[in-house]
Amino acid sequence: MNKPIRVRFAPSPTGGLHLGGVRTVLYNYLFARRYGGRFLVRIEDTDQTRFVEGAEEYIFKCLDWCGLTPDESPVHGGAFGPYRQSERKPMYRKYAEQLVNDGHAYYAFDTPEQLESMRNELKSAQNPSPQYDGKTRMKMRNSLTMPADEVARLLEMGTGYVIRIKMPDNETIRFTDMIHEEVSFDSGLVDDKVLLKADGMPTYHLAVVVDDYLMEITHAFRGEEWLSSAPVHVLLWKYLFGLDKMPQWAHLPLILGPSGKLSKRDGAKYGFPVFAMNWKDNKTGELTEGFKEKGFLPEAFINLLAMLGWNDGTEQELFSMQELIEKFSIDRVHKAGAKFDFEKARWFNQEWIKRTDASMLAPLVKNILSENEIADIDDRYLLQVIGLVKDRCSLLTDFYTQSFYFFQTPAFLDKASVIPKWDALKKSFFTSLKDEFSLISHFTMINIEESFKKLAVTMNLKVGDLQMIYRIMLVGSKMGPGVFQISETIGKEESVKRIENALLSFEEG
RNA sequence: GGCGCGUUGGUCAAGGGGUUAAGACGCCUCCCUUUCACGGAGGAAUCACGGGUUCGAUUCCCGUACGUGCUACCA
C-alpha cells in the first residue's frame, strides 16, 4: 500500500473557527508534512440554510495567520476540485441511487410534519428521542412500505423525497481508529440517516464518503463528535467503494471549556477567546474576540494547540512548527479530551515573546501602540524599548501597558505612594538632581546612577526611597526595568522634564 | 432513556504489574531586585470507586460512578 498520503480539513462555513477546529487542521497539516503527503481543505457547504457570508474567506485567513497553508483548496486550486461541496452537487445523486438499487438505501416521502408526529407519538421518558430506524421505518411512508408502482408514481409527480440508508439489522460494525483502536457498534441501534436531502444536496454522511473517495483521502482526521456516526460512513464505504479503499480514521479528542464542552459563550464568560481570529456575526453584529487580536503570536497559538492532546514523550513543551513536523506522531495523541486552560495558554505566548527577536516583534508592537495613539515611533528606539520590556509581556497587548512611558510623559502619577514620604528635603534633592544631570555629558545609566547616589549621600538621604520616587516620576507607577535604565533610554531632556512635572504635581498634593 | 468514547494533582500531562508516581501551568515560601516582571531554590497538591487476576495493582479484566459526544432533510 503505497498510495500517496492525502489528508483533508473539511469545515462548514457557518461561523468562527474555534480552537478544536484549528487543532484538527494542525494535526492534519503536521501529519501531511511529516510523511510528505498533501493537505487539502474542502468546504462542506451542503446546508444552504446555514450558509454564512464571509465565513469561508475567514477560515482561509485564519489558516494563513496560523501558517497552515493548504496544498489544495477552492482558493489554492488542485487537481481534485471543485473543493466546495455545493459545486459538486451533481456528483452525489448517482451514488445515492446506486445504493437504492443495491437495496442499501430507500426513498422516503415523509414530510417534516409526519416525522414530527412520529417522534411525538413515540416519545416517552424511556425513549426521549425516537429514531427513524429498523424499528420504525416500516410504519413510515417510504419505498420499503409502499408498493413499487405507488413509489414510481410519486417520483414521477415530483413529490419531495429523501434517500435514507437502510441500516442492517444484526451486524456488528467494527473499524480500527488510529487513536481509539478497535471501535464497534451494533448496526440495529443506528438510525437510517438521510443521505440525499429533498433539495438534492447530500448530507454530510454521503458527501464525506464520496468526496474522500474521489479526492483519494488516505487518512481522515476529525473531531470525536463524529465517532457516533462513523458506522454509517463505514457502511457507505463498504457498499460504495470497498472497505479496502476506506481511509484510516482518527477521531481526535475534544477540547473542553472550563465547564465542559467548549462553546462560544465560554469566551465571553471567562474572558478568553475561543476563535483563532475576530469573528463578527453580521446578523447580530456581535463581535467575538480571537486569539490573534487578544495578543497571541501564531507560533504560540500553534504550540499550545499542539500540546492539547499530544506530547512527544519528553519534557519539551516549546516546539516550533518545524519541530512539530519532525516529531508529531498520531499514536501519541490522547484518547481523552482536554480542558483548555487560558493561564497556560498565556504562558506559552509569554515564552514565545521571550524567544522571538525584537525585530520580528517590532511591527506587531507598533500596531498595538498605534491602536493606543502612540505613533511616529523611531524604529531603532522601538527595538531598544522592546528589548527592555519583552520579558514582562505575556500578551502582545501588554506591550502598551509595559512601555507607554517610553513614548509619552505619564499622565497619571502614583502620588499616594509618594506623598507620605514627601518633604522639603526630598524636594530639594530632586531640584538639585536636575542641576547634577546638566553636568553629565554622557547620559548613561551608570553615570546617572553615580550622580544620583552621590547627591543622596551628600544630602544624607536614603537612596532607596529616592529611587522609588524617581521611578514614579518617570513611569507613573512602581513597575518597569531599572530606573536608571529608563532614565537613560528616555534621555536627559525628558528625564528633567518629568522631574519638573512631578515636582509640580506633588506640590498640589 | 439508548448507544459511543473517555477517567493520573485545580489544569495540561509522563509513566505503566514492584517507582520517593516525572515535568509544566497556576498557587504558596524564600533568594535576586529598595519597583514590577524575568531568573533561581523550595513547598502544598494526583492514580474516581468497588470487585476480581496476581506474591504484588495506579498499571490487566469486569462492574459502578462521573464526564463528554451522538441520538436533525446541521455539520
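Each chain gets a letter, A, B and so on, in the order the sequences are listed, and its residues count up from 1.
The phosphate of B:rC5 has neither OP1 nor OP2 within less than 4.0 Å of any side-chain N or O from A:His251. Between B:rG15 and A:Arg332, a contact under 4.0 Å exists linking OP1 or OP2 to a side-chain N or O. A:Thr46 has no side-chain polar atom (N or O) that falls below the 4.0 Å cut-off from OP1 or OP2 of B:rC74.
Taking the side chain of A:Val183 as heavy atoms from C-beta on, and the options B:rG26, B:rG4, B:rG6, the nearest nucleotide is B:rG4. For A:Glu351, whose side chain is taken as the heavy atoms from C-beta onward, the closest listed nucleotide among B:rG26, B:rC3, B:rG39 is B:rG39. If you check B:rU35, B:rA75, B:rA22 against the side chain of A:Tyr204, the one that comes closest is B:rA75. Out of B:rU34, B:rG6, B:rC36, the shortest distance to the side chain of A:His180 is found at B:rG6.
Nucleotides B:rA13 and B:rU58, compared at atom C1', are 15 Å apart to the nearest Å. Between the P atoms of B:rG43 and B:rU7, the separation comes to 30 Å (whole Å). Here the separation of B:rC47 from B:rC5, taken at their P atoms, is 26 Å to the nearest Å. B:rC12 sits 41 Å from B:rC73 when the C1' atoms are compared, rounded to a whole Å. As rounded to the nearest Å, B:rA44 and B:rC30 have C1' atoms that lie 15 Å from one another. Across B:rC55 and B:rA41, the matching P atoms stand 45 Å from one another, rounded to whole Å. Of the C1' atoms belonging to B:rC66 and B:rC25, the separation is 25 Å, rounded to the nearest Å. For the C1' atoms, the distance linking B:rA45 with B:rA22 amounts to 15 Å, nearest Å.
Under the Watson-Crick and G-U wobble criteria, each requiring two contacts below 3.5 Å, nucleotide B:rU34 is left unpaired. Using Watson-Crick or G-U wobble geometry with both donor-acceptor distances under 3.5 Å, B:rU46 finds no partner in any strand shown. Under the Watson-Crick or G-U wobble criterion, with both distances below 3.5 Å, B:rG23 is paired with B:rC12. Of all nucleotides present, none satisfies the Watson-Crick or G-U wobble test against B:rC74 with each distance under 3.5 Å. When both distances must be under 3.5 Å, the Watson-Crick or G-U wobble mate of B:rG18 is B:rC55. When both distances must be under 3.5 Å, the Watson-Crick or G-U wobble mate of B:rA65 is B:rU7.
In this entry the distance linking CE of A:Met473 with P of B:rU35 reads 18 Å, nearest Å. Separating the CZ atom of A:Phe348 from the P atom of B:rA13 is a distance of 10 Å, rounded to the nearest angstrom. Atom-to-atom, NZ of A:Lys335 to P of B:rA13 comes out at 14 Å; the value is rounded to the nearest Å. Atom CZ of A:Arg222 and atom P of B:rG4 are 17 Å apart (whole Å). Residue A:Leu466 contributes atom CG, which lies 14 Å from atom C1' of B:rU35 at whole-angstrom precision. Going from atom CD1 of A:Ile179 over to atom C1' of B:rU7 covers 17 Å, rounded to whole Å.
The heavy-atom pair separating A:Lys339 from A:Gly257 by the smallest distance is CG-O, 3.2 Å.
Using cut-offs of 30° and 60° for the angle between ring planes, the A:Phe340 and A:Phe291 rings count as perpendicular. Ring geometry for A:Phe404 versus A:Tyr400: interplanar angle of 30 to 60°, hence tilted.
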>> Checking A:Asn127 against A:Ser124 for the side-chain hydrogen bond (donor to acceptor under 3.5 Å, both in side chains) test, could you report, in this order, the C-alpha distance in whole Å, the side-chain angles of both residues, the deciding distance, and whether it holds?
In response: CA-CA 5 Å; A:Asn127 182 16; A:Ser124 67; 5.4 Å; no

>> Let's go through A:Arg50 and A:Thr14 carefully: what are the C-alpha distance in whole Å and the side-chain angles of both, what is the deciding distance for side-chain hydrogen bond (donor to acceptor under 3.5 Å, both in side chains) to 0.1 Å, and is it a yes or a no?
In response: CA-CA 6 Å; A:Arg50 292 210 307 161; A:Thr14 52; 4.5 Å; no

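You'll find the side chain of A:Val208 reaches within 4.5 Å of the side chain of A:Arg8, heavy atoms only.
One finds the CD1 atom of A:Ile43 at 9.5 Å from the OG atom of A:Ser86 (value rounded to the nearest 0.5 Å). Rounding to the nearest 0.5 Å gives a distance of 12.0 Å between NZ of A:Lys415 and CD1 of A:Ile472. Put simply, NZ on A:Lys294 and OG1 on A:Thr397 are 7.0 Å apart, with the number rounded to the nearest 0.5 Å. To the nearest 0.5 Å, the span separating NZ on A:Lys344 from CG on A:Asn349 amounts to 14.0 Å.
Not less than 6.0 angstrom separates the ring centroid of A:Tyr27 from the ring centroid of A:Trp310. When ring centroids are compared, A:Phe175 and A:Trp237 stay outside the 6.0 Å threshold.
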Pairs under 3.5 Å (N/O, protein and nucleotides 70-73 of chain B):
| residue | atom | partner | partner atom | Å |
| --- | --- | --- | --- | --- |
| B:rU71 | O2' | A:Gln131 | OE1 | 2.8 |
| B:rU71 | O2 | A:Ser129 | OG | 3.4 |
| B:rC73 | OP2 | A:Arg164 | NH2 | 3.1 |
| B:rC73 | O2 | A:Ala198 | N | 2.7 |
| B:rC73 | N4 | A:Asp110 | O | 3.1 |

Within the sub-3.5 Å range, which N or O atoms of nucleotides 40-44 of chain B have a protein N or O partner, and how far apart are they?
none

Report each atom pair, protein N/O against N/O of nucleotides 8-12 of chain B, whose distance is under 3.5 angstrom.
| residue | atom | partner | partner atom | Å |
| --- | --- | --- | --- | --- |
| B:rC12 | OP1 | A:Lys339 | N | 2.8 |

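The 5' end of RNA chain B is approached more closely, in terms of each residue's nearest nucleotide, by A:Val483 than by the other of A:Ala10 and A:Val483. Judged by closest nucleotide on RNA chain B, A:Asn127 is the one of A:Glu449 and A:Asn127 placed further toward the 5' end.
The 12-atom threshold is not exceeded at CZ of A:Arg174, counting heavy atoms of other residues, nucleotides or ligands nearer than 6.0 Å. The number of heavy-atom neighbours closer than 6.0 Å to NZ of A:Lys390, taken from other residues, nucleotides and ligands shown, is above 12.
Residue contacts shown for A:Ser477 are absent, as no nucleic acid heavy atom lies under 4.0 Å away.
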